[in-house]
*Asks:* 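One structure is given below, represented as structure tokens, and several questions about it will come after.
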Amino acid sequence: MEKATKHFIKTIIENDLKKNTTITTRFPPEPNGYLHIGHAKSICLNFNMAKQFNGNCNLRFDDTNPAKEDQKYIDSIISDIKWLGFNWGDKIFYASDYFDKLYDFAVDLIKKNKAYVCSLSSEDIRKYRGTLTESGKNSPYRERTIKENLDLFSKMKNGDFIDGAHVLRAKIDMKSPNINMRDPVIYRIKKMSHPRTKDKWCIYPMYDFTHCISDSLENITHSLCTLEFEDHRPLYDWFLETLKTLCHPKQIEFARMNLTFTVMSKRKLQKLVNNNYVTSWDDPRLPTIAGLRRRGYTSFAIRNFCETIGVSKKESRIDMELLETLLKDDLNEKAPRAMAVLNPLKIVIENWDKNKIQQLDAFNHPQKKEMGTRKITFSKEIFIEKNDFMEDPPNKFFRLAPKKEIRLKYAYYITCKKVIKDEKTGEIKKLICTYDPKTKGGTSKDKRKVKGTLHWVSANDCINAEVRVYDRLFSMENPETSNSENLKNNFIENINPNSLKIIKNAKLEKSLLNAVPEKVFQFERLGYFCVDSKDSKPDNLIFNRTVPLRDTWAKIKK
RNA sequence: UGGGGCGUCGUCAAGCGGUAAGACACAGGAUUUUGAUUCCUGCAUUCAGAGGUUCGAUUCCUCUCGCCCCAGCCA
């Protein structure tokens, strides 16, 4: 299991636990988009706190706005949380299940003279609200009688008015320095079918009213949310105090997660999807849970990451490299090794019999012998990686070059004898090499040093595949910043044009024919790869590059 | 310029009056049939800044500076 780090919320809970016996948290997504890794932070926090302290965490959909929400998002969210490895018993909660109770609470508020029906247009409500520096002024409808308010609210519910004709507002303080307290709207008329309640309602409660009451009804003890709701806490508390609810949860805010080289808001992700900068919500370049999953990320790595980064109130942008390191840590343990050549260069072994084919043994994991071995085919013609050969190599180039001897992993030592080029273009067509028969398996009795070991694939016994080489979606650590003054905050211009390179004719060792989606392999010396769950077909294999291996050589070259 | 937050290594992050944990990154070195992995070693005399209280302050007080959020009938 992941390590557990100390953070301020845990401290608060530990202290509260001295008085109470148990805690209950909740994860309250709005079903209006796909979950991303920022949500994973909240999911891990809420579910792990509950688990660590023997409490419960409710999954509750905050579905109060039918204009934006959809069943397909409910389904994707459920599937993503399950994949992340969290459970919530039998019951899934929905704010919409509380619509009747919420209505009663609103009536109660009116009866307490703490809410009123306001008939100002939305534009006028905005004007009356004042600004950050000027206080607001009372709505002319603020002093309607309780009876009148009750009657109007009932008519709103019955569908007697058109959208926008009236709203129900809490009666708090138009002069409050906190704008959220300036008589916030708590119910609006929206003649719209709801994914779950269908046409039962034509008025829908707003977030601030719904959320605290939902928490209270579920006996939530700790309501964890992000920093931007800090200003809403007085309102959260006001509703529960005014309504004298039995349970008054503690709202605690923490900073949302940001990652380098990506964007995290639903709005921005939506834009990338809708304008086809990526293919879909589960595009492997996106930080969505579905995208990361398709890319080959493990849920363990994501959970571990969420634990590692900690929880605080400081706004931060975490290095993508940390996520990738944690992923590679996990994959290094679990992923079986295989050989694949992405950019093939043919080698002909001069002194190997034309028709001879040999099966060699290869370990599936160099450090874990219990993962077994497999057979790989060796033959006269093989492929190596184009950039593993240089005609005129620099110092410390531990790969193949004219007259140099290197090792083909698990096979033989070979020496490059001749370079065949295209007469016109000068492009290297193939290499003629010799092998040393006394080095089968990749060792020699004379303990002679060979500095380089290359991966390779038999030319006659390999499979062709498409490989999608993914890179970061943006070319700047913070895509929101801009170089050009007049294009401030246009993250689109910072999209990395090379975020996806498609390699059509990669050559893979035969055993990879059995690969299934989400099963990640390490292609030796290259990185981690997995079969694409959407587009790959048995007769047209497609692999995604999950993450490349650390490449010290690439660094030295620079 | 109203209100609410936040400022500890390049990036996260512990620390809660007793003299700066850890992780990632980075730099060296060792081992290696992946220039992978693993393994050592190094990496903040200083906690946004300035004052003050104290024997002693990143921790308490004051002021200053910087950054973020709030004016949806979104959540």
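Just so we're on the same page: letters track the sequence lines, and every chain starts at 1. What's counted below: heavy atoms across the whole structure, side chains too, no hydrogens, waters or symmetry copies.
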*Asks:* In whole Å, measure the gap between the C1' atoms of B:A20 and B:A57 for me.
*Replies:*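 It works out to 13 Å between them.
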*Asks:* Look at the side chain of A:D319 and decide which nucleotide, out of B:G5, B:C73, B:U11, has an atom nearest to it.
*Replies:*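 Closest nucleotide to the A:D319 side chain: B:U11.
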*Asks:* Ignoring backbone atoms, establish whether A:T308 has a side-chain N or O less than 4.0 Å from OP1 or OP2 of B:C12.
*Replies:*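 No, because none of the side-chain N or O atoms of A:T308 sits under 4.0 Å from OP1 or OP2 of B:C12.
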*Asks:* Which listed nucleotide (B:A25, B:G5, B:U1) is nearest to the side chain of A:T133?
*Replies:*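 Closest nucleotide among those given: B:U1.
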*Asks:* Please determine, for B:U32, whether a Watson-Crick or G-U wobble partner exists with both distances under 3.5 Å, and give it or none.
*Replies:*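 When the pairing criteria are applied, nothing turns out to pair with B:U32, so the answer is none.
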*Asks:* Between A:Y187 and A:Y103, how do the two ring planes meet: parallel, tilted or perpendicular, split at 30° and 60°?
*Replies:*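 It falls in the perpendicular class, over 60°.
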*Asks:* Tell me whether the side-chain N/O atoms of A:R129 come closer than 4.0 Å to OP1 or OP2 in B:C73.
*Replies:*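 Affirmative; the distance criterion is met.
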*Asks:* For B:U1, what is the paired nucleotide under Watson-Crick or G-U wobble rules, both distances under 3.5 Å?
*Replies:*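 Answer to the pairing question: none, since B:U1 forms no Watson-Crick or G-U pair.
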*Asks:* Is it true that A:Y236 and A:H232 have ring centroids separated by less than 6.0 Å?
*Replies:*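 No, too far apart.
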*Asks:* With sugar-phosphate meaning primed atoms plus P, OP1 and OP2, does A:H7 contact a base, only sugar-phosphate, or nothing at under 4.0 Å between heavy atoms?
*Replies:*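 If one applies the 4.0 Å heavy-atom cut-off, A:H7 turns out to touch the sugar-phosphate alone, with no base involved.
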*Asks:* How far, in whole Å, is B:C12 from B:G17 if one measures between their P atoms?
*Replies:*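 B:G17 and B:C12 have their P atoms separated by 27 Å.
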*Asks:* Less than 3.5 Å apart, any donor N or O on the side chain of A:R472 or A:T262 sitting next to an acceptor on the other?
*Replies:*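 No donor-acceptor contact under 3.5 Å links the two side chains.
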*Asks:* Please state whether the phosphate of B:G35, meaning OP1 or OP2, lies under 4.0 angstrom from any side-chain nitrogen or oxygen of A:R525.
*Replies:*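 A:R525 to B:G35 OP1/OP2: side-chain N or O found under 4.0 Å.
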*Asks:* Please classify the nucleic acid contact of A:R169 as base, sugar-phosphate, or nothing, using heavy-atom distances under 4.0 Å.
*Replies:*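 If one applies the 4.0 Å heavy-atom cut-off, A:R169 turns out to touch nothing in the nucleic acid.
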*Asks:* Which part of the nucleic acid, if any, lies within reach of A:V167 when heavy atoms closer than 4.0 Å are counted: base, sugar-phosphate only, or nothing?
*Replies:*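 Base contact.
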*Asks:* Establish, with yes or no, whether the OP1 or OP2 oxygen of B:G35 is under 4.0 angstrom from a side-chain nitrogen or oxygen of A:K555.
*Replies:*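 Result: no.
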*Asks:* Taking any strand in view, what nucleotide pairs with B:A21 in a Watson-Crick or G-U wobble way, both distances under 3.5 Å?
*Replies:*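 In the structure as shown, B:A21 has no Watson-Crick or wobble partner.
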*Asks:* Indicate, with a heavy-atom threshold strictly under 4.0 Å, whether A:F229 touches base, sugar-phosphate, or nothing.
*Replies:*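 Here A:F229 touches the bases of the nucleic acid.
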*Asks:* With heavy atoms under 4.0 Å as the rule, sort A:L454 into base, sugar-phosphate or nothing.
*Replies:*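 Here A:L454 touches no strand at all.
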*Asks:* Please determine, for B:G72, whether a Watson-Crick or G-U wobble partner exists with both distances under 3.5 Å, and give it or none.
*Replies:*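 Matched B:G72 with nothing under the 3.5 Å cut-off.
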*Asks:* Answer with yes or no whether the side chains of A:D160 and A:N158 bring together a donor and an acceptor at under 3.5 Å.
*Replies:*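 A:D160 and A:N158 do not have a side-chain donor-acceptor pair below 3.5 Å.
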*Asks:* Could you tell me whether A:F397 contacts a base, only the sugar-phosphate backbone, or nothing, with contacts defined as non-hydrogen atoms closer than 4.0 Å?
*Replies:*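 Base contact - A:F397 has a heavy atom under 4.0 Å of at least one base atom.
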*Asks:* With a 6.0 Å cut-off on the ring centroids, do A:H194 and A:F99 count as close?
*Replies:*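 Yes, the ring centres sit under 6.0 Å apart.
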*Asks:* Quickly work out the A:K68 NZ to B:G72 P distance and round it to whole Å.
*Replies:*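 Going from NZ in A:K68 over to P in B:G72 covers 13 Å.
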*Asks:* Between A:R399 and A:D388, is the closest basic N to carboxylate O distance under 4.0 Å?
*Replies:*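 Judged by the 4.0 Å cut-off on N to carboxylate O distance, A:D388 and A:R399 do form a salt bridge.
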*Asks:* Ignoring backbone atoms, test whether A:R188 places a side-chain nitrogen or oxygen under 4.0 Å from the OP1 or OP2 oxygen of B:A75.
*Replies:*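 Yes, A:R188 has a side-chain N/O under 4.0 Å of OP1/OP2 on B:A75.
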*Asks:* Base, sugar-phosphate or nothing for A:R407? Non-hydrogen atoms, less than 4.0 Å.
*Replies:*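 The answer is base, as A:R407 lies within the cut-off (heavy atoms under 4.0 Å) of a base atom.
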*Asks:* Name the residue closer to the 5' end of RNA chain B, choosing between A:R550 and A:N65 according to the nucleotide with the nearest heavy atom.
*Replies:*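 Looking at RNA chain B, the more 5' nearest nucleotide goes with A:R550.
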*Asks:* Just checking, is any N or O donor in the side chain of A:Y128 or A:E123 under 3.5 Å from an acceptor N or O on the other one?
*Replies:*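 There is no such pair between these side chains.
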*Asks:* By the 4.0 Å heavy-atom rule, please label A:R337 as base, sugar-phosphate, or nothing.
*Replies:*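 It contacts base atoms.
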*Asks:* Checking base pairs now: Watson-Crick or wobble, both atom distances under 3.5 Å. What partners B:U62?
*Replies:*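 Its partner is B:A50.
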*Asks:* Does A:Q367 get its side chain close enough to the base of B:A36, under 3.5 Å, for a donor-acceptor pair?
*Replies:*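 A donor-acceptor contact between them is present.
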*Asks:* Nearest heavy atom decides the nucleotide; on that basis, is A:S122 or A:N178 closer to the 5' end of RNA chain B?
*Replies:*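 The residue whose closest nucleotide sits nearer the 5' end is A:N178.
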*Asks:* Over how many whole Å does the gap from A:E307 atom CD to B:C12 atom P extend?
*Replies:*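 Roughly 18 Å, once rounded to whole Å.
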*Asks:* Which part of the nucleic acid does A:T260 contact within heavy-atom distance under 4.0 Å: base, sugar-phosphate only, or nothing?
*Replies:*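 A:T260: no heavy atom of the nucleic acid under 4.0 Å.
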*Asks:* Contact class for A:P366 vs. all strands (heavy atom < 4.0 Å): base, sugar-phosphate, or nothing?
*Replies:*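 Base contact.
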*Asks:* Can you figure out which of B:C12, B:A71, B:A75 approaches the side chain of A:T131 most closely?
*Replies:*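 For A:T131, the side-chain atoms sit closest to B:A71.
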*Asks:* Using a heavy-atom cut-off of under 4.0 Å over every strand shown, decide if A:V311 touches base, sugar-phosphate, or nothing.
*Replies:*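 Answer is sugar-phosphate: A:V311 comes under 4.0 Å of backbone atoms only.
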*Asks:* Is a donor-acceptor pair below 3.5 Å formed from side chain A:D231 to base B:G3, judging by atom type as modelled?
*Replies:*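 When only heavy-atom distances are counted, A:D231 does reach the base of B:G3 through a donor-acceptor pair under 3.5 Å.
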*Asks:* If you measure from the P atom in B:A48 to the same atom in B:G28, how many Å do you get, rounded?
*Replies:*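 Rounded to whole Å, the distance is 31 Å.
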*Asks:* Quick check, are the ring centers of A:W456 and A:F378 under 6.0 angstrom apart?
*Replies:*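 Distance test on ring centres: under 6.0 Å, yes.
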*Asks:* Between the base of B:G35 and the ring of A:W553 - centre-to-centre under 5.5 Å, planes within under 30° - is that a stack?
*Replies:*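 According to the criterion (under 5.5 Å, under 30°), yes, A:W553 stacks.
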*Asks:* Among B:A36, B:U38, B:A71, which is the nearest nucleotide to the side chain of A:D329?
*Replies:*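 Of all the options, the side chain of A:D329 is nearest to B:U38.
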*Asks:* Is A:L120 touching bases, backbone alone, or none of the nucleic acid, heavy atoms closer than 4.0 Å?
*Replies:*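 Since a base atom lies under 4.0 Å of A:L120, the category is base.
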*Asks:* For this output row, return yes or no: ring centroids of A:F521 and A:F529 closer than 6.0 angstrom.
*Replies:*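 Ring centroids of A:F521 and A:F529 are no less than 6.0 Å from each other.
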*Asks:* Report yes or no: is there a donor-acceptor pair, N or O only, under 3.5 Å between the side chain of A:Q522 and the base of B:U34?
*Replies:*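 Side chain to base: pair present.
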*Asks:* Which part of the nucleic acid does A:L132 contact within heavy-atom distance under 4.0 Å: base, sugar-phosphate only, or nothing?
*Replies:*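 Contact class for A:L132: base.
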*Asks:* Over all strands shown, is A:K313 touching base, sugar-phosphate only, or nothing at heavy-atom distances under 4.0 angstrom?
*Replies:*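 The residue A:K313 makes sugar-phosphate contact but no base contact.
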*Asks:* Taking only the side-chain nitrogens and oxygens of A:K314, find out if one of them lies under 4.0 Å from OP1 or OP2 of B:U8.
*Replies:*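 So the side chain of A:K314 is within the cut-off, an N or O lying under 4.0 Å from OP1 or OP2 of B:U8.
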*Asks:* Whole Å only: how far is the CD atom of A:E333 from the C1' atom of B:U37?
*Replies:*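 Distance check: A:E333 CD to B:U37 C1' gives 9 Å.
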*Asks:* When you measure from the side-chain N and O atoms of A:T552 to the phosphate of B:A36, is any distance below 4.0 Å, counting only OP1 and OP2?
*Replies:*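 Affirmative; the distance criterion is met.
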*Asks:* Side-chain N or O of A:S312 versus OP1/OP2 of B:A13: is the shortest distance under 4.0 Å?
*Replies:*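 Yes, A:S312 has a side-chain N/O under 4.0 Å of OP1/OP2 on B:A13.
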*Asks:* In whole Å, what separates the P atom of B:G7 from that of B:A13?
*Replies:*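 Straight-line distance between the two P atoms is 9 Å.
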*Asks:* Counting only side-chain N and O atoms of A:T64, is one of them less than 4.0 Å from OP1 or OP2 of B:A75?
*Replies:*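 For A:T64, the contact criterion (side-chain N or O under 4.0 Å from OP1 or OP2 of B:A75) is met.
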*Asks:* Between A:K68 and A:E30 (salt bridge meaning N to carboxylate O under 4.0 Å), is one present in this structure?
*Replies:*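 Salt bridge between A:K68 and A:E30, a charged N being under 4.0 Å from a carboxylate O: no.
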*Asks:* Can you find a side chain N or O atom of A:K190 that sits less than 4.0 Å from OP1 or OP2 on B:C74?
*Replies:*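 Yes, such a contact exists.
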*Asks:* Using whole Å, what does the distance between atom C1' of nucleotide B:A14 and atom NZ of A:K10 come to?
*Replies:*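 In whole Å, B:A14 C1' and A:K10 NZ are 12 Å from each other.
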